[in-house]
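Beneath this line is the structure, given in C-alpha cells, with notes to follow.
In the text below, chain A, chain B and the rest are named by the order of the sequence lines, each starting its count at 1. These numbers were taken from a predicted model, which means no experiment stands behind them.
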Amino acid sequence: MPELPEVETIRSQLALKLRSRRFDHVEIHDGRLTRPEPPEVVAAELAGEVVRDVRRRGKYLIFAFESGRHLLVHLRMTGSFQHPAAVGPDPHRRAVVNLDDGSDVAFRDVRRFGTWLLLEPGELDAYLSARIGDEPLEGAFTTAVFARALAGRSAPIKGALLDQRAVAGVGNIYADEALWRARIHPQRPAGELARQEVAALRKTVRQVLGLGIARQGATLSTFRDPNGRKGRMQKAFKVYGLEGEPCERCATPIVKTRVAGRGTWFCPTCQPDPR
DNA sequence: AGTCCGACCCGAACGC
DNA sequence: TGCGTTCGGGTCGGAC
C-alpha cells in the first residue's frame, strides 16, 4: 500500500522523467478515476499541459503544470505509475499519457480506488489543508505541533496516526512500525500520551518514514516504482505482518490484533497496555 | 467536534 | 480440484 515513502519514491522518479515534458495526449479508460468529472473531459483538459514539477503532500502526488493548474493523484491501495509504459494488453491500465518525447506514462490500479483530480490555479492549498495536516519530515512538525494534534483525543493512538489531519502520510504499516520503535501500545488513548512519549513517537515516525524512503518503499505484493522495481523496506519491518515471530528486542512473540478497524501488530512486552 | 462504521473494489487467501 | 466466502486497506460520508 503506498504510504508516504512509497509515494515519495514514485514522486522523485517521476520528477526526473517528467519535468518540462508536455502531455501531448491523454486517455483515461476508467470513469471512476475522475468521478464525478467525465474522464474524456479531464483527458482533453490535460492535453497540452507542461509539467513544471512533480510534488507530494502526505500520500498525494501532485503534478504541477506551467499553467498553474495541478493534477492531484491519490493512489489509494493499488495505484501505480509505469514509465516507460509496458507494451501489450493490461487489464489494470486505467490511463495513459503520451509525452512530447515520444514515451508513454501508464497509470495502473487493480482495485480502482485511485483518483485523479484536476485543480485550477489557486485551488490546491485549500483542497489539501482541508484534508491533511503537517508533513512529518518537515521542520514545522515539532513535538509541540504533534502534541496539539493529539490533545484531547480519546481515540487509540494507532487511529490518530492514521488520521491524515493529525499527521500527513502515515498508513497502517508505518504506524505499527513507529509505535513499536517508540514502545507505545497502539490502543493507548492519543490524548493521554505523556509529553516524552509524544516526543518519542514524533522521532520514530520520522525515522520509519525516512528509512522507508531510503529503501525505496515497501513492497508487500503489488507496490512497484515507475521503473517496475520493488522497494526494500519490507525487509526492515519489526512488527508489521510478523505475528508469532520473536520481537527483536525481547523475543516475545509479536501479537496481531485489531485497532481502529485495522490489522495491528505489536510486542505485548515492549509496548505494554497500562490498563 | 470527535469517533465509529459501512461503502467502495477485487485479488489473494482461506475453508470445505 | 473447484467453488464459495472472507479479508484488507485509505478515504469519505453518514450516524451517533
Check: Out of dC4(B), dG10(C), dG8(C), which nucleotide sits closest to the side chain of A155(A)?
Finding: dC4(B)
Check: Less than 4.5 Å apart, any side-chain heavy atom of V97(A) and any of L99(A)?
Finding: yes
Note to self: I want to verify a distance call: between dC12(C), dG11(B), dG10(C), whose nearest atom is closest to the M77(A) side chain?
What the structure shows: dG10(C)
Item checked: Any R111(A) side-chain N or O less than 4.0 Å from OP1/OP2 of dG9(C) -> no
Item checked: Protein-nucleotide distance (L162(A), atom CG; dC4(B), atom P), rounded to Å -> 12 Å
Notebook entry, point to check: In whole angstrom, what separates E243(A)'s CD from dC14(B)'s C1'?
Noted result: 15 Å
Notebook entry, point to check: Can you find a side chain N or O atom of Q164(A) that sits less than 4.0 Å from OP1 or OP2 on dT11(C)?
Noted result: yes
Notebook entry, point to check: To the nearest Å, how far apart are R35(A) CZ and dA7(B) P?
Noted result: 15 Å
Check: Separation of R153(A) atom CZ from dT3(B) atom P, in whole Å?
Finding: 5 Å
Item checked: Per R131(A) side chain, nearest of listed nucleotides dC10(B), dC12(C), dG10(C) -> dC12(C)
Note to self: Contact between W116(A) and F63(A) at the side-chain level, heavy atoms closer than 4.5 Å - yes or no?
What the structure shows: no
Check: CD1 of I157(A) versus C1' of dT3(B): gap in Å, rounded?
Finding: 15 Å
Notebook entry, point to check: Quick one: is K256(A) getting a side-chain N or O under 4.0 Å of the dG8(C) phosphate, OP1 or OP2?
Noted result: yes
Next item on the list: Please state how far atom NZ in K59(A) lies from atom P in dT11(C), giving the value in whole angstrom units.
Entry: 4 Å
Next item on the list: Calculate the interatomic distance between L72(A) atom CG and dT11(C) atom P; express it in whole Å.
Entry: 11 Å
Notebook entry, point to check: Which part of the nucleic acid, if any, lies within reach of K158(A) when heavy atoms closer than 4.0 Å are counted: base, sugar-phosphate only, or nothing?
Noted result: nothing
Next item on the list: Output the single nucleotide from dG10(C), dG11(B), dT3(B) whose closest atom is nearest the side chain of S154(A).
Entry: dT3(B)
Check: Do L118(A) and T34(A) touch side chain to side chain, with heavy atoms closer than 4.5 Å?
Finding: no
Checklist line | R112(A), nearest nucleotide to its side chain (from dC10(B), dG10(C), dG8(C)) | finding: dC10(B)
Notebook entry, point to check: Between R181(A) and K238(A), is any pair of side-chain heavy atoms under 4.5 Å apart?
Noted result: yes
Check: Going by distance alone, is a donor N or O of one side chain under 3.5 Å from an acceptor N or O of the other, for D24(A) and N98(A)?
Finding: no
Checklist line | Presence of donor-acceptor pair under 3.5 Å, side chain of R262(A) and base of dG10(C) | finding: yes
Note to self: Mind checking if R258(A) touches a base, just sugar-phosphate, or nothing, with heavy atoms under 4.0 Å?
What the structure shows: sugar-phosphate
Next item on the list: Check whether the ring centres of F23(A) and F65(A) lie less than 6.0 Å apart, and answer yes or no.
Entry: yes
Check: Is the phosphate of dG9(C), meaning OP1 or OP2, less than 4.0 Å from a side-chain N or O of Y174(A)?
Finding: no
Next item on the list: Taking only the side-chain nitrogens and oxygens of H74(A), find out if one of them lies under 4.0 Å from OP1 or OP2 of dT11(C).
Entry: yes
Check: For P156(A) and R94(A), take the nucleotide of DNA chain B holding the closest heavy atom to each; which residue's nucleotide lies nearer the 5' end?
Finding: P156(A)
Item checked: Gap between atoms CZ and C1', on R165(A) and dG2(B) respectively (whole Å) -> 9 Å
